[in-house]
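Since the structure is predicted, the reported quantities are computational estimates derived from the model, not experimental observations. Labels below follow one simple rule: chain letters A, B, ... track the order of the sequence lines, proteins then strands, and each chain is numbered from 1.
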Amino acid sequence: MNAESSVRGEVHELSYAESIRDAMDIALGSDERVVLMGEDIGVYGGAFQVTGSLVHKYGEDRVMDTPISELGGAGVAVGAALTGLRPIFEFQFSDFSTLAMEQIVNQAAKLRYMLGGAVSVPLVMRLPSGSGTGAAAQHSQSLEAWYGHVPGLKVAQPSTPRDAKGLLLAALEDPDPVLIFEHKLLYKMKGPVPSGYYTTPIGKAAVRREGTDLTIAANSIMALKAEEAAKTLADEGIDAEVIDLRTVRPIDRETVLASVRKTGRLLCVYEGVKTLGVGAEVSAMVAESDAFDFLDGPIVRLGGAECPIPYNPKLEEAVVPQVPAIIRAARDLANGAI
Amino acid sequence: MPVEVIFPKVDMDMERGRIATWHVKPGERVSKSDPLFDIETDKAAMEVESPAEGFLHHVLAKEGSEVAIGVAVAWIYAEGEDVGDVPEGRPTPADAPPGREPDRDETQWQRPAQATSPLDAGNRRATPAARALAAQRGIDLKNIGGSGPRGRVQAKDVIANLQAPEPPLDTRSLPGWRPERGDLAVVRSGSGAHAPILMFHGLAADGPSLEALDPLLPQDREVLKMELPSHGRSPRRRVAGFADLARQVRVRFDDLALDNVHIVGHSLGGALALALADTRPRQVRSVTLISPAGLGPEFGGQILRGIIRAGSAASLGPWLRQLTSDPATITEDYVRAAMAARGDAAMRAAQADMACTLFPDDTQGFDVSGTLNRLDCPARIIWGRDDKVVPWRHALRAPGKVALHLLEGVGHLPHVERLEEVASILSDNVCRSSRSRAAN
């Protein structure tokens, strides 16, 4: 089933961070194998206050502060997953996951394969990512394409509080490592979140807005910017379909292709650096498929600029796609001007 | 050393052509400047002369085969010279098989060399959706204007074309037709010892449409009128394009075995007269073109569409009156007689198909203007200044040696609107050309 499963109970307005905490609370409360690991996630509550006071509820055996060593912490998490626990490992910034790449790419992603299927690594990693917080070049990157390139990993990017909870619970059900990239600018964003347990399928995109004139395929916060752009475009008579990819590995090929077959035009919007990014994969996916014959204009990508994220807030804003740029590109594409 | 017979370049933009006919068989003797073979390109057909005297050997390109320019297609050996293997040194047709592009570095994307104009065949800039839609509907993208950047055809352009109020030639109201066997009809009149006159009528006309000229022409010779496929008494035939039509005419012309002939053509017949003069220069004494087609792209297709479609005198009359400068020239009797000759609906359908092929989207899809420069016999062009079908300004592409007679207050039918004047110019061209050559 591709739909959200087992949604019960009432719907509350929660922030993205609260929603993730709610998911971890449910998991910790219902499955004793679940443990949280990460730097400063205990008493401090996490670099972005996502774990909050969970340590007081579940104790330091379940909510563990790890030393300032991403490689060490990730190695412990991989080992714990291998030996029967369901760890949720938090990086302070996704940028720091580069320190743990050996454990993620060479161990977590490979062990099931290397051991002939005898084991799996049911590990969930949470990676706060993205720009817009003034945290500069080493704390603002969008590295989802790096990990999306590795068979054996799954990579999700929730853009709403509802999906943040559903994807985290789905990741915990998954027998293999799942990396969840959480956009830092979304943590305080509120939205409706069902109470209780439910999952959002990994590998299934969401059509946020149906339209006929062009398809905007976006990930993470860019899906929200694309929705906002679509409202302005609608006033101009341009009916954009907005697809929130939600997962970049596995990527939901069918939803994108079906949309392009309908609209004939594709705009990819993503915050990661444009070259070799998620939008490159989406573009190629369409170009290689039967949907190619439905294209009535070039495929257009809006991605991050080919540079580190600057500290200067104006420059920081300028190097990633913003709503006005999405509107311009969509308008030109829909009008056949490019 | 045997002499190479090289496949020549006869048009500026020509890259390959087709050998239509070999006039000499392998092993046969040939004199220098004898006609050796006919070639056809997209735009023209012409005769190639033998480069040397001797015996023809190693004919590497068969009739009908496509050949790249510059390759050796045969060799001519002097009398007594040993005929061994095919001499080496020059590329032959086998080195560049038809339809195969020269190898290129596949790692380097290259812009097609000829993609200079969006209208170049095959290189039309179009979106995948437009291509798919056009293929599905059997529409040629070449005929569609692109509204996208740099003329790119988009799906909406194809759709607009589908919904165009006037399709290139609406054949829906016309019945189907079947091709017939038989030779093209030739109507003969008069007699005499001098070189005969051979006339070609235009699209949707027939041999008798030129009959009024007969009594006013020199009475010392025969006058022949060849009727085009699907016209007059000629069999209904499919025509693949202008080159194919010219070939059908040439085949019938060769049957007639006319050594010396003065050729006359009106409109489409004018273009065919030029094509024939290019391939049979030895037989042709003079060329007289009346409002000829094939010298430029513009074409008053709407008028021809109306004529071809008309199934009654009431619908034919208004269109025929567009042909002349003064509508009153076309009387009710003329219209009734024309309709009587066009009573066969299957013939009209066949003509509609031919018009579609030759004049896609009201455009002259062929160009024989290069032929004018190669003519080595006297040539005259007669044109009405009020021609609404083929604009007289196309005549300005003719070189200086071709005489131009522009008639004031005349439309597309000078031979109807100014019968005596046209007959006089034509007779003059025939008689002067005869005097200039001892052969007649």
Side-chain angles (χ1 to χ4, degrees), chain A residues 211-217 233 236-241 243 253-268 275-276 279-302 325 327-338, chain B residues 99 101 104-168 360-361 363:
Chain A
T212 53
D213 294 341
L214 83 156
T215 299
I216 307 180
L233 289 164
E236 298 178 13
I238 294 169
D239 190 12
E241 178 146 312
I243 293 177
R253 198 166 171 272
E254 272 321 306
T255 298
V256 174
L257 298 191
S259 179
V260 171
R261 284 186 206 109
K262 178 172 75 170
T263 65
R265 298 175 194 274
L266 174 64
L267 172 63
C268 304
T275 300
L276 297 167
E281 182 58 35
V282 175
S283 305
M285 205 163 74
V286 169
E288 288 174 341
S289 75
D290 72 292
F292 173 80
D293 281 332
F294 293 79
L295 284 175
D296 201 22
I299 297 172
V300 178
R301 290 183 292 156
L302 284 181
I327 292 171
R328 273 197 304 276
R331 184 192 290 138
D332 285 349
L333 187 56
N335 292 336
I338 48 177
Chain B
E101 293 287 314
R104 57 180 179 225
D105 184 352
E106 295 295 340
T107 62
Q108 295 278 314
W109 184 82
Q110 291 177 346
R111 191 171 285 278
Q114 289 298 308
T116 51
S117 150
L119 284 170
D120 281 352
N123 291 330
R124 191 76 160 103
R125 190 183 290 274
T127 66
R131 288 185 193 284
L133 191 58
Q136 194 181 47
R137 302 301 182 94
I139 292 174
D140 192 342
L141 284 171
K142 276 185 298 191
N143 302 331
I144 297 178
S147 63
R150 287 168 291 170
R152 189 199 293 135
V153 179
Q154 306 181 98
K156 66 177 177 184
D157 303 322
V158 180
I159 289 163
N161 198 269
L162 293 175
Q163 295 165 347
E166 276 197 310
D361 284 351
T363 300

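- Here the closest non-hydrogen pair linking B:Pro149 and A:Gly336 is CD-O, 3.1 Å.
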Can you pull every donor-acceptor pair closer than 3.5 Å across chain B and chain A?
unit_1   : atom_1 : unit_2   : atom_2 : d
B:Thr127 : OG1    : A:Asp296 : OD1    : 2.5
B:Ala129 : N      : A:Asp293 : O      : 3.3
B:Ala129 : N      : A:Leu295 : O      : 2.7
B:Arg152 : NH1    : A:Ile338 : O      : 3.1
B:Ala155 : N      : A:Asp296 : OD1    : 2.7
B:Ala155 : N      : A:Asp296 : OD2    : 3.0

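- Both the backbone and the side chain of A:Phe292 come within contact range of chain B, each with at least one heavy atom under 4.5 Å from a heavy atom of that chain.
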